[in-house]
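Predicted model only: the values in this text are computed from it and were never measured. We count ligands from 1, going down the list as the structure has it; atoms in each ligand are counted the same way.
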Amino acid sequence: MNRFKYASLILLAFVLLLGQPVKADEGMWLPMLIGKNYEQMKKQGFKLTPEDLYSVNKASIKDAIVSFGGFCTGEIVSKNGLIFTNHHCGYDAAASNSTPENNILDNGFYAKSFQEEKPIKGLFVRFLVRMEDVTPKVMAALVGVEEKDKAAKIAEITKKITTDATIGTSMEADVRDIYKANQFLLFIYERFNDIRLVGIPAQSIGKFGGDTDNWEWPRHTGDFSVFRVYADSENKAAPYSVNNKPYTPKKSLPISIKGIKNGDFSMVYGYPGRTDRYLTSYGVKMATEKTNPTIVKLRDIRLKAWKEEMDKSLDTRLKLSSQYANIANYWKYFIGQTEQLKRLKINEEKQKQEEDFTNWAASSPVNVNLIGAYKNAYAIYEPYAVHITYVNEGLLASPFIRNANQIGSMIKAMNARKADPAFQTQVKQNFNDLVNNYQSTYSENADKKIFAQILTSFYQDVPKSQHPKFITLISENYWKGSTEATFKNYADHLWEKSNLIDPEKMRKFLSNPSLESLENDPAYLYASNLIPQDYIRNNFGSVFSDFQLEKNRLDNLYLKALTEKNKGNLAYPDANSTMRISYGTIQNYSPKDGIIYDIKTSIDGMVAKYKPGNEEFDLPKSLLEAYSKRDFREYAEAGTLPVGFISNNDITGGNSGSPVLNGNGELIGIAFDGNWEAMSGDIAFDKQYKRTISVDIRFVLWCIDVIGGAKNLIDELDIKTNKLAVPKDKLILKKQ
Ligand code: ARG
């Protein structure tokens with residue numbers, strides 16, 4: 001037996017053994033092992049084979065799925081490398097290419113030729129070439145290694161494995177652990193860096209419903225955008241060039257406009273980011289009581305300050321709207337997660353599971369009190385949980401801090417290499433990029449207000465005994481009668497005196513930087529307290545690192561023991577930004593007693609929500625005109641135009657933009673959200689409530705075709721319809 005086969009057999013055994021009995025729709029499965037689920041998938045209406053989904057020997061659906069920019073998923077839908085993804089995945093590309101004069105974010109944009117497509121700097125996609133189990137190699141390297149040295153050893157062996165796997169090729173590779181470091185997988189990717197924006201609806205369509213409707217069903221959002229992969233004349237990945245050509249993919253997805261109904265098979269194929277399904281009750285309690293409320297409070301501060309500025313001018317709105325949308329998205333997420341963890345009594349449910357586990361463990365060879373050890377670890381760490389959240393979501397959220405520290409190290413490097421002119425030029429270039437980048441989202445009023453308010457709430461919410469010295473010193477030296485006035489006073493001082501906050505002053509300072517004035521700069525002095533590792537060491541002693549080490553150790557043992565306990569059940573690993581398949585059905589649900597939510601929404605419901613000029617519920621004239629003529633073409637169903645639908649697939653952030661496929665592997669929609677009643681889903685999957693919200697592909701095509709007039713794009717697609725191949729009149733003739 002060769003090594004690969006052997007390795008995947010071990011993995012297979014592991015997947016078979018672990019976990020609670022799973023329901024049909026729960027689970028984010030590894031494509032290379034999807035054969036294990038095949039019988040169940042067939043029963044639900046899947047018509048293809050496991051090899052059609054994942055194969056290393058022939059083109060399969062996996063070759064049409066891309067990791068989009070590392071934060072979303074996209075799917076290839078034409079022989080010319082056309083990609084569909086979500087509007088919110090293409091949002092930044094659209095916003096950063098918009099100006100008040102040429103405002104594609106608000107007005108929408110469809111390229112009518114390859115020449116009109118817009119290159120997006122920094123955007124990339126990755127295709128998965130293959131995955132492989134490398135557990136034996138990693139485990140061999142870990143023999144005899146102490147707990148505290150494990151992470152470094154894993155990094156070392158991972159480096160070797162990825163280098164060996166890609167040397168002499170243009171591929172790149174990652175090793176990722178699953179089942180809390182009980183298994184390790186190697187992923188080989190091909191990365192394309194020339195990605196161009198092809199089409200995006202006006203944001204009144206693409207973000208219809210705004211934050212009000214976000215994370216909720218029923219939904220009427222046209223959350224899609226269109227990009228294209230470009231390659232060199234050899235069809236190989238290459239940096240941007242005018243000479244690059246549309247990429248010819250191994251595989252592209254056919255599209256079905258035949259329609260869907262409750263109970264139909266549905267499958268989501270993509271890159272879910274992170275779930276934490278094995279989090280203990282102690283973790284749930286900390287999230288609901290400490291971490292989540294702190295995150296929400298700090299995001300509130302930022303969002304309010306940005307919004308105030310965005311409402312003042314279009315220019316500022318375009319500048320800040322992408323970061324605003326990102327922060328707002330997870331602001332509402334954490335509100336919903338907390339609410340649903342409580343409503344669904346997830347803490348209690350976990351406690352029961354843990355009790356059950358402890359009873360089992362006592363009478364098994366495992367015989368360790370893991371749950372008790374978790375309890376102890378959390379008890380020591382919990383008093384610091386709010387503080388840690390303040391560091392990540394608060395203190396480090398003022399962008400000038402990272403800049404100041406980076407500029408500090410760059411100036412030191414420049415001084416050390418004075419005799420190297422090429423290096424000096426390079427650093428000047430880096431300075432330039434840094435300032436441009438920073439300036440693109442800088443807002444003096446908002447940034448200053450956020451800085452002062454976050455310090456104020458830090459001072460009030462973090463236990464006094466944990467206050468770092470620099471905070472105490474600021475509060476004494478800048479005292480102005482109240483905490484709020486004090487930190488505002490300090491902010492005024494920094495903004496006035498520093499060369500590292502205002503972008504224009506920064507540009508001037510960096511044109512001829514001196515280490516001495518840097519070291520006297522008040523923003524630099526402040527920022528030097530906030531180098532993450534140093535901050536942690538200085539303010540938490542070893543509490544934070546001890547907790548992480550202990551939690552990792554316990555998680556690893558807990559998962560190993562659960563494998564033993566649940567022998568014989570099919571199980572899936574937590575999401576970790578690697579490729580997964582989730583299958584289930586189009587499925588309605590009851591959000592509460594007496595109400596049943598339908599599986600789909602239509603343009604009639606969209607127009608019913610329309611509020612002219614409203615920030616969240618406006619609609620473009622072109623849509624309203626086509627609507628008033630009921631010009632729905634072949635995309636219509638029962639006299640209206642479908643907009644959204646739900647299915648019981650198991651997805652999370654990162655899956656955004658993923659294809660929703662029917663039993664024949666045809667694209668029926670693009671997944672973009674989860675629903676309110678199951679916002680606790682990343683921690684505990686709830687079969688009754690959890691749904692995936694998708695935009696119906698017929699609405700997407702209608703927008704491109706009818707609103708966008710981009711027949712050129714429609715012509716690239718492989719569209720399957722119910723229409724008979726033979727025109728009706730001929731058919732009648734034949735019958736006669
Ligand atoms: N909640 C969606 C997701 O995380 C993003 C929706 C973006 N729309 C918005 N209004 N922020 O995938």
Side-chain angles (χ1 to χ4, degrees), residues 28 67-75 84-95 105-106 200-225 268 270-275 295-296 299-300 302-303 306-307 310 317 320-337 339-340 575 577 580 582 601 606 609 611 614-619 643-647 649-660 669-683 690-695 700:
M28 300 166 170
S67 161
F68 185 86
F71 52 86
C72 275
T73 303
E75 54 275 8
F84 282 174
T85 184
N86 284 150
H87 179 270
H88 73 266
C89 301
Y91 197 94
D92 192 59
L105 187 69
D106 288 338
I200 189 157
Q203 73 163 329
S204 55
I205 295 176
K207 206 184 166 199
F208 185 76
D211 291 327
T212 302
D213 275 9
N214 193 13
W215 301 109
E216 297 194 31
W217 179 257
R219 191 69 157 277
H220 301 85
T221 312
D223 200 340
F224 77 92
S225 62
V268 177
Y271 282 89
R274 211 176 95 91
T275 55
I295 295 175
V296 172
R299 288 190 173 216
D300 252 332
R302 292 159 77 187
L303 291 170
W306 284 334
K307 188 69 180 30
M310 285 164 71
R317 178 160 66 76
L320 301 185
S321 53
S322 178
Q323 65 181 25
Y324 184 92
N326 282 331
I327 296 300
N329 188 28
Y330 274 81
W331 160 80
K332 195 169 174 187
Y333 169 95
F334 284 111
I335 295 174
Q337 186 186 66
E339 187 178 315
Q340 302 307 334
S577 296
R580 302 296 174 87
S582 157
T601 57
M606 186 180 205
K609 283 181 177 175
K611 288 187 202 146
N614 182 281
E615 216 168 284
E616 297 185 312
F617 294 94
D618 201 6
L619 282 170
V643 175
F645 67 85
I646 46 171
S647 57
N649 298 102
D650 186 2
I651 69 164
T652 187
N655 265 123
S656 283
S658 293
V660 188
I670 307 173
F672 71 91
D673 213 354
N675 60 326
W676 192 250
E677 296 79 9
M679 290 296 286
S680 42
D682 286 347
I683 293 176
K690 187 146 163 67
R691 295 294 180 273
T692 286
I693 303 175
S694 305
V695 53
V700 173

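Using a heavy-atom distance under 4.0 Å as the criterion, the protein contacts of ligand 1 are H88, K207, G210, D211, N214, W215, N329, S656, F672, D673.
Heavy atoms only, all atoms of each residue included: F224 and I200 are closest at O-CG1, 4.3 Å.
Taking a cutoff of 4.0 Å between a charged side-chain nitrogen and a carboxylate oxygen, E615 and K307 qualify as a salt bridge.
Using cut-offs of 30° and 60° for the angle between ring planes, the F71 and F68 rings count as perpendicular.
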Using distance only, find each side-chain donor-acceptor pair of residues 201-211 under 3.5 Å and give its atom names and separation, not counting sequence neighbours.
from : atom 1 : to   : atom 2 : distance (Å)
Q203 : OE1    : Y91  : OH     : 2.8
Q203 : NE2    : D106 : OD1    : 3.1

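Residues that satisfy the salt bridge (charged side-chain N to carboxylate O under 4.0 Å, His left out) test with D650, not counting sequence neighbours, are R277. By the salt bridge (charged side-chain N to carboxylate O under 4.0 Å, His left out) test, R691 is found to be paired with no residue, residues two or more places apart in sequence or in another chain being considered.
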